[in-house]
Structure formats: C-alpha cells, structure tokens
Colleague: 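Got a structure here, written out as structure tokens. Questions coming.
We count ligands from 1, going down the list as the structure has it; atoms in each ligand are counted the same way.
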Amino acid sequence: MTTQAVNPSPAPARPVILTVDDDPAVSRAVARDLRRQYGEKWRIVRAESGADALDACRQIRLRGEQVAVLIADYKMPEMSGIEFLEQAMDVFPYAKRVLLTAYADTEAAIAAINVVDLDHYLLKPWDPPQEKLYPVVDDLLAAWSRTERKAIPAAKLVGHRWSARSTQLREFLARSRVPYQWYPSESEEGEGLLAAAGQDGRVLPVLITEQGDVLVDPAPAELAARVGIATIPDYEFYDLVVIGGGPAGLGAAVYGASEGLKTVLVEKNVLGGQAGQSSRIENYLGFPDGVSGGDLTYRARLQAEKFRAEMVLTRHVTGLEISGAARTISFDDGTSVSARAVILATGVLWRQLPAVGCDALTDRGVYYGATLSQAPDCRGCDVFVVGGANSAGQAAVNLAVKAGARTVTMLVRAPDLTAAMSYYLIEQIATIPNIIVRPCTEVVETIGDEHLEQLVLRDMKTGQQETIDCGHLFVFIGAEPRTDWLDGVIARDSRGFVLTGPDLGDGHLSDWTLGRPPYHLETSVPGVFVAGDVRSESAKRVASAVGEGAMAVMLVHRYLEGS
Ligand SMILES: Cc1cc2nc3c(=O)[nH]c(=O)nc-3n(C[C@H](O)[C@H](O)[C@H](O)COP(=O)(O)OP(=O)(O)OC[C@H]3O[C@@H](n4cnc5c(N)ncnc54)[C@H](O)[C@@H]3O)c2cc1C
C-alpha cells in the first residue's frame, strides 16, 4: 500500500475584534490595548470611519471568517457608531456590539440599547484597561463563543410548522442550548431529510442527531438522554433535593452544593423556569446592560456544575412523603429519590387565556410565554401579545426589535400600561415604532382549523367586537402555582401558594412536633423549605428567587444541625 502526503488543512482564521473610531489616536490606542490582551487568539482589525469598518466587515464575511465583537465610537461624522452597528448587524448578526461614548453621551448610549440591541457601552477613557476594558471584552467573547456554537447547527429537526409537538421540541432544544436546524416538513430540504432518514412524514417531528440517529416524535426524556442531559439521579439518598430548575432552584443548588451538601436538583422540563423565557432581564443586580434569561441560566448551570450539584431534567415530581428523617419525592413514572431535606422551588405556570377555541390552538399559533423558538417565524409578520405586565412588555420588545416582526400589537385589558408595567419598559416601548398598544381590549375567541388564523377582539368600553387576521398570539396574563400534588402534605394558601414560617399561623401547625416554630422559609413539614415564586406572598422577581434559594440552604443547615 502506498501513502500519499496530504497538505495539512490551513489553521482556521482567528475570529475578529473590530474597532472603529474617527480619531486616529483613539483608534490606535483601542487597537493597541486589545492586541496586547487578545492578539494571540483573536485578530484585531481597526478602521477610522463607519464606511471603512463596514467594508472591512464585508471582506471578512466574504473570506468566510467571523467577527466576534464590534466596538464603535458613538460620535463619528458621516456615520455614527449606532448607524454603523445597525448596518454591521446585517453582516454579522451574532457579533457582540459595544459603543464607546464620552460621559456626556451616556443617554444616547442607553437609547441605543434598544435600537441596535447593544451589549455594552464603554465610557472613555477606559484606563486602566485591566479594570475597565478587558473584563467587558472577556465577557462578550465568552458569550459570543456560546452563541456562535449555536449558529452552527448540528442536529436537524423536521416537522410541521403548526404542530404543537414541533413547537415543544423546538422550545426544548433552544432552551437547552442544543444546536439544531429547523426544517419545515413541506420544504425541499425537509422532504430530502425525511427521505434520507427513511421516514414517510406521517409521524412528525423527526430529529436527526449530530451522529445521524433518527428519533421519531421523541418524548422529552428520550430526547434529553440522547443529547447528553441527565434524566436519572445517580444516588438513592441525598442531603438535599431541590425541586424546580428556575432561579430559586438553581440558586439553592449552587449554595447547597458549594456548602458541602450532597445536592440534586430535579426539573420537569429544562433549566431556567420563567426567567429562561425572558429575552432581557434588566433589573438583576450586576448586569447594567441586562442579561437574557438564557444566558443567566447557562451561567447558573455552569456554576452549579462546578460545585458538583447534580441536575436531573425532564422529571416531573408528583408526590412527597415523610417517613422519619427521610423526605421522599416520587416522579410520575413511579420512581423516587430521598433526602434529609427538600427545597420546593416549583414557581408558577402561565394562566390559560379564557377565550373560545384557545385550548385547541395552543402551540399552533397561540403560545404561552414561549417566544424563543417562535421568534424566527415572526419576521415580517403582524403578531399580537396579550397582557400588560413586564413579561408581556419584554416579549413585545423582543418580537419587534430582535425577531423583526412587522408590527407587534399589545392587547391590554387595562386603560394603559401603567397599572402593571415598570416605568423603564413603558418608556422603552414608546420609542419602538412598530409596537402598537391597544388598551381596553380583550380576546374573546381564537379561530383556526390547523392553526390560528383569526382573533375576535372586544372593546371593553363599547362592547363592540371585531374579527382580525392573526397567525401568532403570545399570551402573558399572569401565572399560578401548580401545587395540587402537595395536597394533604404541605399547607398552602387559598390560591395554592405554599405557606411558610410566620404565615403558617397556628391553624396549619396541628401536626408540627418540634419544640421550635417553623423557620422563615420552612413549610408546615419540618425539613421541607420553599424558595421563589411558589411561596405565598413572594416578590415574583429573579433576584428575590435567587436570594430565597440561598437563604433556604442556610435554614437547611440549621435544620440538619438540630435534627
Ligand atoms: C417572560 C418573563 C420575563 C420576566 N422578566 C423578569 C425581569 O425582568 N426581572 C425579574 O426580576 N423577574 C422577571 N420575571 C419573573 C421571574 O422570572 C420569576 O420571578 C422567577 O423566574 C421565579 O423563579 P422561581 O425559580 O421561583 O420559579 P420559576 O422560574 O417559575 O421556575 C420553577 C421551575 O420549577 C419547575 N417545576 C414546577 N413544578 C415542578 C414539578 N412538579 N416537578 C419538577 N419541576 C417542577 C418548572 O418547570 C420551572 O422550571 C419574568 C418572568 C417571565 C415569565
């Protein structure tokens, strides 16, 4: 046999950090500071005008290379930094965007957060760069590396555009950060993939994994296991079981594991909870430019993994049993896991829209909370959002700015947004021209055969009804706890939220056997604690959920020391 020398393939080009400033001295200084820190792994490209920088972007794109971060001066003649970033987004939509501003221009930079979905603004001068420039760029490069992986799809999902199962799988993959490409079954590529997979398309969706395995309409647990997500606990007994993988549960898992407790977190779906559905959380401490729920969840997951908290997903907890010192939780498949202490962090779920025909169209044009996987389908469309609180406002901004919907109409029962929405969000919405707020309006009927086609709206002042065309309706009308499975075990208030500490009063403590009253986040059962939105009278905020997760762990220690 003969061997042939093969030219080694060239090393992949380094991704680019591109900086543009019309002042040559500043431009050189930024490039110099960046090169010193990042020159080895990243290519630093600098330009002295928006037009030159755009030209550089296009050349880089044509060569098949990538731009990771764009840093643009705000005040440039001819083309401002914001204008440049806006146009550069078309060429490199995943590049992270930074605006360089003088202190006096801070207001403009804040406004730009909406216009170009700015990731950060940097005040000039940025000396010393170790403190003011590098931490920002480090964070952006890390975030870009993650999204970039997402931009190179591996698995392929073929399904019907309006099928509820396809919607659920797309949401599952997107929220789990599993790279995938979506193909409608009626498209040429979709048909080709189905043929290659030996499927006639009668049962959809079909997932073709990175390794080429074919999964036909997989259950979430099967899908999770195939993409490397743990679905079975490693042990039978733990120090601490945390139920729920939202901010409260993740907070509890991080603190529990980092403080030496053998901890497992169980979640019925994917990590993130409600926060995982948020396109940008603006009021969480430490993120002045906001952070997407997906990113926050990803960081929390890494942190929990670092401390060796075990995370078991797609497992629905349906029972809690107390037997001596053991607290045993059971799953819907009959299996169970026990611990010395439990933290309930099961949050809340969306309330269903009480409109005729709505149930049948859920995930077929009517979506609860989920905008992540649906956003690409909304480009150029007229979409509708029901609700007037912060979650609805954030979704409207996301659909109008990021997803590229033609118009987003907010259907609000109240006379205006002030009743339930934060001031900053009302202001933000007022600056976005393709968001229309329609007050005193309720949805009375949703119409469609295979998928949503029309809405019947009622003017609450006049009682007049109107039928309009609509393909996408996103519902954000508040949420309620789903705690029926705790019936007869844990005391709850009249709406199903779990009572703790002083709120239990004597009426709920007839079975309480300890010589001390329940701790602040402790339920009517010793050793079972609550954190986050599912707690009666909780604040319904990410920060308070995380804080309660940490506090509940502190009380678990106290309980275990005394038990
Ligand atoms: C779109 C949107 C935007 C928001 N924006 C903001 C914001 O900008 N700022 C802010 O402070 N707050 C915001 N909130 C509110 C914030 O997200 C919540 O207060 C926070 O997520 C509550 O955290 P949690 O962990 O208590 O509950 P959740 O986030 O609800 O998480 C609960 C988790 O428990 C799981 N679970 C439930 N039952 C079971 C069971 N039986 N077995 C296993 N697992 C179970 C659920 O699947 C879920 O993952 C927003 C909410 C939404 C929906």
Colleague: Is N269 close to ligand 1, meaning an N/O of one under 3.5 Å from an N/O of the other?
Modeller: no
Colleague: When you measure from atom 4 (C) of ligand 1 to every protein heavy atom, which one gives the shortest distance, and what is it?
Modeller: Q394 OE1, 3.7 Å
Colleague: So, S278 side chain and G293 main chain: donor-acceptor pair closer than 3.5 Å or not?
Modeller: no
Colleague: Considering the heavy atoms of G245, write down every atom of ligand 1 situated less than 4.0 Å from one of them.
Modeller: 33 (C), 34 (O)
Colleague: Within the structure, does V317 bring an N/O atom to less than 3.5 angstrom of an N/O atom in ligand 1?
Modeller: yes
Colleague: Is it the case that ligand 1 has an N or O less than 3.5 angstrom from some N or O of W350?
Modeller: no
Colleague: Is any heavy atom of the protein nearer than 4.0 Å to atom 7 (C) of ligand 1?
Modeller: yes
Colleague: Strictly inside 4.0 angstrom of atom 14 (N) of ligand 1, do you find any protein heavy atom?
Modeller: no
Colleague: Under 6.0 Å from the CZ atom of R299, do we count more than 12 heavy atoms belonging to anything else shown?
Modeller: yes
Colleague: Treating T523 as the side-chain partner and V528 as the backbone partner, does any N or O pair qualify as donor plus acceptor under 3.5 Å?
Modeller: yes
Colleague: Given V530, T346, L349, identify the one with the heavy atom nearest to atom 36 (N) of ligand 1.
Modeller: T346
Colleague: Tell me the nearest of E282, R175, H316 to atom 40 (C) of ligand 1, using heavy-atom distances.
Modeller: H316
Colleague: Mind checking whether F529 and Y519 have parallel, tilted or perpendicular rings, split at 30° and 60°?
Modeller: parallel
Colleague: Is there a donor-acceptor contact under 3.5 Å from the side chain of R492 to the main chain of T483?
Modeller: yes
Colleague: Would you say the rings of Y94 and W144 are close, in the sense that their centroids are separated by under 6.0 Å?
Modeller: no
Colleague: Please indicate whether any nitrogen or oxygen in Q277 is less than 3.5 Å from any nitrogen or oxygen in ligand 1.
Modeller: no
Colleague: Taking N or O atoms only and a 3.5 Å limit, does P247 qualify as a polar contact for ligand 1?
Modeller: yes
Colleague: For a side-chain contact (heavy atoms from CB on, under 4.5 Å) with V337, tell me which candidate from F237, F331, Y235 qualifies.
Modeller: F331
